[in-house]
A.B. asks: 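The structure is given below, and queries will be raised subsequently.
Just so we're clear, the structure is a prediction, and the values are computed from it rather than from any experiment. Per chain, numbering begins at 1; letters A, B, ... match sequence-line order.
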2 protein chains.
Amino acid sequence: MTTWLSPDQLRDWRSFITLAEMLEAGLARDLAPSGLSYPDYVVLVVLSEAPEHRLRMQDLGTALSWSKSRLSHQIRRMSGRGLARREECSGDARGVYAVLTPEGLAAIKAAAPAHVESVRRMVVDVLTPAELATLGTLARKLQSRM
Amino acid sequence: MTTWLSPDQLRDWRSFITLAEMLEAGLARDLAPSGLSYPDYVVLVVLSEAPEHRLRMQDLGTALSWSKSRLSHQIRRMSGRGLARREECSGDARGVYAVLTPEGLAAIKAAAPAHVESVRRMVVDVLTPAELATLGTLARKLQSRM
DNA sequence: GTGGCATAGTTGATGCGTCAACCAAGGGAG
DNA sequence: CTCCCTTGGTTGACGCATCAACTATGCCAC
């Protein structure tokens with residue numbers, strides 16, 4: 001038999017899940033003027049930090065904890081907009097590199113300041129340093145149980 | 001000029017946003033065996049609590065903080081699967097009721113226990129009561145600034 | 001009553017994410 | 001060398017969410 005949540009538990013859980021939804025929406029909204037989606041953004045960040053601005057699909061997927069399929073679709077869409085391109089992988093004929101284009105690099109450099117502002121405005125600058133640290137600690141505790 | 005985040009701030013922010021993504025994925029995964037998506041679930045919850053198991057699209061959208069469009073698409077899909085149906089609104093010819101079907105009611109009753117278990121396993125039972133309360137308080141503080 | 005604006009809802013296009021099916025190359029064990 | 005399993009990646013279909021465009025009704029000012 002399952003025990004339902006107490007009113008307090010329900011309230012706190014709902015507060016949290018609602019916040020998560022609002023935050024995702026807010027991130028997307030603030031990124032929109034730059035012409036990038038949040039998935040675009042995170043892919044560009046990882047590629048821009050990689051040596052030679054390129055990563056094997058495999059490694060990029062691992063870095064982002066994304067499925068092969070998800071990444072493949074995303075890189076296809078980004079290729080269509082000139083943000084990245086695929087390149088074959090010498091040494092392993094199965095492999096494919098995802099490579100950041102100059103346009104992609106320009107896009108992430110242009111988008112980053114507004115994104116950081118967005119994160120500050122919605123979270124980091126709203127909490128005290130201690131509160132943010134607590135939030136981070138709780139988040140890591142929950143993550144470690146999954 | 002924009003100030004980038006400190007390593008600690010970045011770490012805590014990333015912990016939090018990553019947790020949010022994992023949680024959404026986990027909720028969807030645990031609901032999947034019941035044949036419901038998370039959007040299905042929340043719509044069914046609200047309708048099942050409404051008088052006569054029905055709400056104006058307008059009111060349902062407000063309750064969920066969903067756009068008219070989002071809700072219209074969702075109800076269309078749910079109607080196709082027999083979980084809900086539309087009904088015209090006497091008194092305002094523009095209006096439409098979303099009505100829970102017996103199948104929809106059965107579906108939510110069947111899905112709820114596993115969903116609650118899922119929330120407990122991923123969050124509520126992982127934290128101490130004090131920690132959960134803190135998480136809720138921080139979430140509400142952040143929400144109030146948006 | 002009519003003109004015009006607000007309200008209620010739908011639709012189509014497009015991006016995003018998952019799942020299942022698929023293909024091709026690598027790398028043993030025999 | 002061949003068989004077979006694993007690894008790396010793509011594709012197509014479908015559900016989900018947003019945006020912009022659209023229809024239709026309600027309602028107020030005049």
A.B. asks: Given atom CD of B/Glu24 and atom C1' of C/dG17, what is their separation to the nearest angstrom?
C.D. replies: 12 Å
A.B. asks: Taking only side-chain N and O atoms of B/Arg29, does any of them lie within less than 4.0 angstrom of OP1 or OP2 on C/dT18?
C.D. replies: no
A.B. asks: With a 3.5 Å distance limit and no angle check, can you tell me whether B/Thr62 reaches the backbone of B/Gln58 through a side-chain donor-acceptor pair?
C.D. replies: yes
A.B. asks: Of the options D/dG9, C/dT10, D/dG26, whose atoms approach the side-chain atoms of A/Lys68 most closely?
C.D. replies: D/dG9
A.B. asks: Which heavy atom of B/Leu36 sits nearest to which heavy atom of B/Ala107, and what is that distance?
C.D. replies: CD1-O, 4.0 Å
A.B. asks: Between C/dG15 atom P and A/Leu83 atom CG, what is the distance in whole Å?
C.D. replies: 12 Å
A.B. asks: Report, as yes or no, whether the 6.0 Å neighbourhood of atom CZ on A/Arg86 holds more than 12 heavy atoms from other residues, nucleotides or ligands.
C.D. replies: yes
A.B. asks: Has B/Arg86 got a side-chain N or O lying under 4.0 Å from the OP1 or OP2 atom of C/dG9?
C.D. replies: no
A.B. asks: Write down the protein N/O and nucleotide N/O pairs, taken from nucleotides 5-7 of chain C, whose separation is under 3.5 Å; answer none if there are no such pairs.
C.D. replies:
unit_1 : atom_1 : unit_2  : atom_2 : d
C/dT7  : O2     : B/Arg94 : NH1    : 3.0

A.B. asks: Should we say atom NZ of B/Lys141 is surrounded by more than 12 heavy atoms from elsewhere, each under 6.0 Å from it?
C.D. replies: yes
A.B. asks: With sequence neighbours left out, write down each residue that passes salt bridge (Lys or Arg N to Asp or Glu O under 4.0 Å) with A/Arg77, or none if nothing qualifies.
C.D. replies: none
A.B. asks: When you check every protein heavy atom under 4.0 Å of nucleotides 12-18 of chain D, what one-letter string (B, S, -) results, 5' to 3'?
C.D. replies: BB-SBSB
A.B. asks: Rounded to whole Å, please give me the gap between CE in A/Met78 and P in C/dT14.
C.D. replies: 20 Å
A.B. asks: Write down the distance between CD1 (A/Ile75) and C1' (C/dG15), rounded to a whole number of angstrom.
C.D. replies: 15 Å
A.B. asks: Under 4.0 Å: is that the gap between some side-chain N or O of A/Arg56 and OP1 or OP2 of D/dG9?
C.D. replies: yes
A.B. asks: Could you go through residues 16-26 of chain B and list every donor-acceptor pair under 3.5 Å that involves a side-chain atom there, pairing it with any protein atom two or more places apart or in another chain?
C.D. replies:
unit_1  : atom_1 : unit_2  : atom_2 : d
B/Thr18 : OG1    : B/Arg14 : O      : 2.7

A.B. asks: Round to a whole Å and report the spacing from CG of A/Leu71 to P of D/dT10.
C.D. replies: 8 Å
A.B. asks: Is there a donor in the side chain of B/Ser15 and an acceptor in the side chain of A/Arg140, or the other way round, less than 3.5 Å apart?
C.D. replies: yes
A.B. asks: Separation of B/Glu88 atom CD from D/dT23 atom P, in whole Å?
C.D. replies: 21 Å
A.B. asks: Hey, which of these two, B/Gly95 or A/Ala93, hits DNA chain C nearer its 5' end, going by closest nucleotide?
C.D. replies: B/Gly95
A.B. asks: Any ring pair (Phe, Tyr, Trp, His ring centres under 6.0 Å) pairs touching residues 53-100 of chain B, not counting sequence neighbours?
C.D. replies: none
A.B. asks: If I take atom CG in residue B/Leu27 and atom P in nucleotide C/dT18, what distance separates them, rounded to the nearest angstrom?
C.D. replies: 14 Å
A.B. asks: Can you list everything that forms a side-chain contact (heavy atoms from CB on, under 4.5 Å) with A/Thr3? Sequence neighbours excluded, please.
C.D. replies: B/Arg120
A.B. asks: Rounded to whole Å, how long is the line connecting atom CG of A/Leu31 with atom P of C/dG15?
C.D. replies: 16 Å
